[in-house]
Amino acid sequence: MHHFRYAGQNLHCESVDLAEVARLYGTPTYVYSATTIADNYTRLAGSLKGLDIRICYAVKANANLAVLRHLGNMGSAFDFASSGEMRRVLAAGASVKESVFAGVGKTETEIRLALEAGIFSFHVESEGELARINHVAGTLGLKATIAIRVNPDVDAHTHAKITTGTSANKFGIPIKQAPAAYEAASKYPNIRIRGIQSHIGSQVTEVGPFLETLEKLAPLAMDLKERYGISYISIGGGIGVVYREALASGQAAWWDAQPEGKRPLTPEVYGATLSPALRKLGLKVLLEPGRSMVANAGVLLSRVEYLKRGQGKNFLILDAAMNDLVRPAMYDSFHEIVPLCRDTTRRALVADVVGPICETTDCFARDRQIQELGEGEYVALMSAGAYGHVMASRYNARPIPAEVLVKGSAFEQVTARETFEQMTVNEKIPAFLK
Ligand code: LLP
């Protein structure tokens, strides 16, 4: 559920009219609902009640400082994929003491920065990384806490580009090799074994692969508990969200209307299914949700520049493009597109909804039915809160878009749109061309 709905004709985020936000700050602009993020966090935490859990929000999904602060204020810890993400959490004024650091390519500098900041644990992805962490910890006179990311070889049944838990993926140490890797870890003087971790992929829409992973890991986890006294299991992120009927799924009634067995994965089902197996382990449980915390809490506002009627095809040309939201171009992902001002008296239009970039793949939707719209009117691309702004680029010399955070009737621009000067500040003409 989320807090985007029409009040009268106008789409609102909580109590804020989104057309007003678009007029005030221009477009393309991302808008996030703080209350939706809080609800997502509380629901997931509540679904595992009775277990000793810690949510480590996966910063990669949305690294906006205000979003990080909001989650930190609610008690969330964080999962970093780089030291840059860790620094963003610190810059947001949140603590990193309970946080974890993942990623297959941690550099020496990153490991040092994380150790100096006193993070909770490293999620180690190779034996080479173990040796490196041991070395860096030694130079600082510290002991590094680690868990090994175990690749369980489970198919998450999601898009191939976001599958991580099969043996064909670069992530983690294969489950068969994990005992030897732990054995090696136990020999390093500056390493303290604390846990086991696994993450099988993203936008996973069934609970089965999560349970299968847990069942595969359980015997190993129990063995590690006995041998090395591990105290936690991190079950990763990956919980899928609703993209197809994003707007309607903001209402409880929509969920009630979904037929039995066809209802999308909810945090409640996730928690209820995994809880018994987790309880048996008797370990602290870390979760690393990214998308499920922020995806439905964000929209991308865009202005219609032109309606171009082609031969047998219409094109609705927006001022947002694949540089602002790359997911459709990169993963063929679906984002619902709705007008900020709904007018049921207008005719429907079937069009490709595209951006202005000189690439055929700069297309948000093909043959999409939408209310007829014209120049200067606004649309919202729904469920854009995760992997939206963080993946934006400057392709075609387009600036990184603005971001706005809403809470109730309050809203503030939390990232200004990049200026041309900021875009070029690090560049120069070399002397030999002058
Ligand atoms: N933990 C680890 C170790 C991860 O690699 C990821 C995501 C997460 C947690 C969070 O997963 P989530 O709860 O967000 O599914 N850019 C892609 C998604 C890439 C996900 C990468 N890893 C997209 O736009 O769909």
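Ligands are counted one by one from 1 in listed order, and the atoms in each one are counted from 1 as well.
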Aromatic rings Y232 and H123: how do their planes relate, parallel, tilted or perpendicular, breaks at 30° and 60°?
tilted
Charged N to carboxylate O below 4.0 Å: is that the case for E85 and K60?
no
Within a strict 4.5 Å, meaning less than it, do heavy atoms of the R398 and P356 side chains meet?
yes
Between ligand 1 and G238, can you find any atom pair, the residue atom being a heavy atom, that is separated by under 4.0 Å?
yes
Under 4.0 Å from ligand 1, counting heavy atoms only, is it the side chain of Y331, its backbone, both or neither?
side chain
Residues forming a side-chain contact (heavy atoms from CB on, under 4.5 Å) with P174, sequence neighbours excluded:
Q177
Which bit of K60 is near ligand 1, meaning a heavy atom under 4.0 Å away: side chain, backbone, both or neither?
side chain
Pick one of side chain, backbone, both or neither for how M391 approaches ligand 1, counting any non-hydrogen atom pair under 4.0 Å.
side chain
If you count heavy atoms of other groups shown closer than 6.0 angstrom to CZ of R227, is the number above 12?
no
Find all atoms of ligand 1 within a distance of less than 4.0 Å from any non-hydrogen atom belonging to P289, and give their numbers and elements.
13 (O)
Quick one: list whatever passes side-chain contact (heavy atoms from CB on, under 4.5 Å) with E305, sequence neighbours left out.
R303, D319
With the threshold set at 4.0 Å, does a side-chain nitrogen-carboxylate oxygen contact exist between R112 and E108?
no
May I ask you to check if ligand 1 and R291 share an N or O to N or O distance below 3.5 Å?
yes
If we number the atoms of ligand 1 from 1 as shown, the ones under 4.0 Å from a heavy atom of R149 are 3 (C)
Can you tell which of Q197, H199, Q203, M293 gets a heavy atom nearest to atom 6 (C) of ligand 1?
H199
Is K407 paired with E14 through a side-chain N to carboxylate O contact shorter than 4.0 Å?
no
If you measure from CD1 on I133 to CD1 on I111, what distance do you get to the nearest 0.5 Å?
4.5 Å
Contact with ligand 1 for S292, non-hydrogen, under 4.0 angstrom
no
At under 4.0 Å between heavy atoms, what of R327 touches ligand 1? The answer is side chain
Enumerated ligand 1 atoms positioned under 4.0 Å from heavy atoms of G237
9 (C), 13 (O)
If we only count N/O pairs under 3.5 Å, is Y387 in contact with ligand 1?
yes
Residue-level breakdown please: for D79 versus ligand 1, do any non-hydrogen atoms fall below 4.0 Å on the side chain, on the backbone, on both, or on neither?
side chain
Any idea which part of A58 is under 4.0 Å from ligand 1, heavy-atom wise: side chain, backbone, both or neither?
side chain
Testing the basics here: between S383 and V242, what is the closest heavy-atom pair and its distance to 0.1 Å?
OG-O, 3.5 Å
Heavy atom of H123 under 4.0 Å from ligand 1?
no
Taking only heavy atoms of E288, which atoms of ligand 1 are found under 4.0 Å from at least one of them?
1 (N), 2 (C), 3 (C), 8 (C), 9 (C), 10 (C), 13 (O)
